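Worksheet: one structure, shown below.
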Amino acid sequence: MSNTKRGSGAFNPDWLVAAFHALPDAILVLDGNGRVRLANAAATEFFGAVLTEWTLEDLAKTEPDFGLVPIGLPGDITNVRQTLKIHSERLSRDYLLTLVGYIQGYVVLLRDLTDAHDQEDFKHDMLRLATHDLRSPLALIISYCELMLLEIPEALPDLTQYVSIIHEAADRMKLLLDAVLHVERFRTVPLDLRRTVNPVDLIGAAVDNMRALAAQKNQQLLVALRPDLGLLTVDVLFIQEAMENLIGNAIKYTPEGGQITVRAYTGDERFQFVVEDTGIGIGAEHLPHVFEAFYRAKQPGTENIEGTGLGLSLVKAAVERHQGSVWVESSVGKGSRFGFWLPLQAEKE
Ligand code: ADP
């Protein structure tokens with residue numbers, strides 16, 4: 001790099017003007033008489049005209065009518081926000097209109113929300129599809145398979161095998177759908193933060209629920225908690241399930257006879273929860289993605305392990321809704337450490 005000085009020189013107002021025109025939202029600055037004094041490039045494009053000196057009434061006469069006139073020219077606007085649906089021959093979009101008062105007038109801001117609304121609609125359609133249109137016929141297939149399996153004579157082994165395959169496939173689809181709905185619940189249902197809990201009790205309950213699974217694989221499940229963990233204001237159902245998910249994964253991805261250690265400590269106003277295992281570990285290329293929904297790291301040792309790829313995204317959603325954060329460290333063939341921290345005093349969402 002050459003020896004040019006960085007950050008030197010006086011402030012150049014052109015920079016602000018450039019930033020103003022680069023903004024994707026349409027912005028109009030009006031004076032106290034309701035006349036447009038400044039319009040950025042997005043606003044000029046929106047109205048298809050140069051706007052300086054125009055009034056709100058002039059703007060309202062342009063196509064499309066963006067509904068400013070009912071708002072009028074109030075003398076003391078401080079903040080008005082409303083969503084507008086604009087549907088004309090030229091446009092069919094949703095905007096968020098914001099009016100912000102300043103000393104000599106006010107600023108009108110139009111933010112295009114169409115894409116965000118489309119995404120929300122898509123999400124709702126997908127969920128409706130998952131809940132009704134797929135889940136009910138699947139439940140039927142599963143119950144009829146079960147009935148047939150009871151009735152097929154043993155002399156027909158092929159048929160029994162085919163029906164078992166259909167049964168398993170349908171069961172797996174239902175498992176996936178239920179997991180998607182469960183994660184969606186974790187992301188949207190209001191948190192219940194009315195209770196303060198001792199993390200020792202929370203961890204104890206989570207570990208107790210996982211003991212049988214570890215025992216089935218002859219694994220040692222150890223708990224090492226530092227004293228004085230403090231108190232947590234969290235939604236117990238969410239955080240206990242997050243803990244159980246991490247412990248469950250450690251059990252699942254650690255071979256027979258391995259060791260799982262659950263640790264917790266508190267420092268800097270944060271509660272830390274850690275699960276260590278002596279399992280198969282995760283390759284560095286997979287690590288940045290494991291908390292993403294549906295991501296499953298394909299690597300030696302995972303071929304016969306079942307899962308949906310949704311467990312860790314659920315942990316992340318639960319922890320982040322409590323203003324905490326998740327993390328992972330791992331080494332292939334040696335084991336993994338998954339953890340999260342939570343603020344001791346969670347703020348309400
Ligand atoms: P899954 O249902 O596949 O277990 P998760 O979202 O819980 O889904 O985990 C995502 C992926 O991260 C897993 O498929 C696995 O590859 C990896 N993973 C999670 N926990 C561990 C662990 N303790 N040890 C090794 N790999 C793990």
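We count ligands from 1, going down the list as the structure has it; atoms in each ligand are counted the same way. For this chain, numbers begin at 1 and follow the sequence in order. What you see is a predicted model, and the numbers here were worked out from it, not measured in a lab.
- Proximity to S336 (heavy-atom distance under 4.0 Å) selects the following atoms of ligand 1: 24 (N), 25 (C).
- Contact annotation: for N249 versus ligand 1, heavy atoms closer than 4.0 Å belong to both the backbone and the side chain.
- Not a single N or O atom of E306, backbone or side chain, sits closer than 3.5 Å to an N or O atom of ligand 1.
- No donor-acceptor pair under 3.5 Å is formed between the side chain of H167 and the backbone N or O of C145.
- Summarising the local packing, CZ of R195 is surrounded by 12 or fewer heavy atoms from other residues, nucleotides or ligands at distances under 6.0 Å.
- Close contacts of ligand 1 with L310, meaning ligand atoms under 4.0 Å from a residue heavy atom, involve 6 (O), 8 (O).
- Atom-to-atom distance recorded for M148:CE and I166:CD1 is 7.0 Å, nearest 0.5 angstrom.
- Of the possible polar contacts, one joining the D192 side chain to the R194 backbone as a donor-acceptor pair under 3.5 Å is found.
- Nearest to atom 14 (O) of ligand 1 by heavy-atom distance, out of Y253, F291, F338, is Y253.
- A donor-acceptor distance shorter than 3.5 angstrom exists from the side chain of S330 to the backbone of G335, with no hydrogens or angles considered.
- Nearest protein heavy-atom neighbour of atom 3 (O) of ligand 1: R296 NE, 2.4 Å.
- Contacts with ligand 1 closer than 4.0 Å are made by side-chain heavy atoms of K252 only, the backbone lying farther away.
- Of all the atoms in ligand 1, the ones that sit under 4.0 Å from a non-hydrogen atom of A250 are 23 (N).
- The shortest separation from a heavy atom of G309 to ligand 1 is under 4.0 Å, placing the residue in contact.
- The protein heavy-atom contact nearest to atom 10 (C) of ligand 1 is Y295 O, 3.3 Å.
- Between F238 and F186, the ring-plane angle classifies as parallel under the 30° and 60° cut-offs.
- Residue T308 has at least one heavy-atom neighbour below 4.0 Å for each of these atoms of ligand 1: 2 (O).
- Residue A297 has at least one N or O atom closer than 3.5 Å to an N or O atom of ligand 1.
- Between the N40 side chain and the I27 main chain, a donor and an acceptor come within less than 3.5 Å of each other.
- Ligand 1 has a nitrogen or oxygen under 3.5 angstrom from a nitrogen or oxygen of D277.
- Within the structure, side-chain hydrogen bond (donor to acceptor under 3.5 Å, both in side chains) contacts touching residues 265-275 (residues at least two apart or in different chains) do not occur.
- Between D178 and R135 there is a salt bridge, with a side-chain nitrogen of the basic residue lying less than 4.0 Å from a carboxylate oxygen of the acidic one.
- I282 CD1, 3.5 Å is the protein heavy atom nearest to atom 27 (C) of ligand 1.
- Shown here is D228, whose CG atom has no more than 12 heavy atoms of other residues, nucleotides or ligands within 6.0 Å.
- Using a 4.0 Å cut-off between a side-chain N of Lys or Arg and a carboxylate O of Asp or Glu, K217 and E256 do not qualify as a salt bridge.
- Heavy atoms of T302 stay at 4.0 angstrom or farther from ligand 1.
- In terms of protein heavy-atom proximity, atom 5 (P) of ligand 1 is nearest to L312 N, 3.6 Å.
- Closest to atom 12 (O) of ligand 1 among all protein heavy atoms lies V290 CG1, 3.5 Å.
- The shortest N or O to N or O distance between G307 and ligand 1 is not below 3.5 Å.
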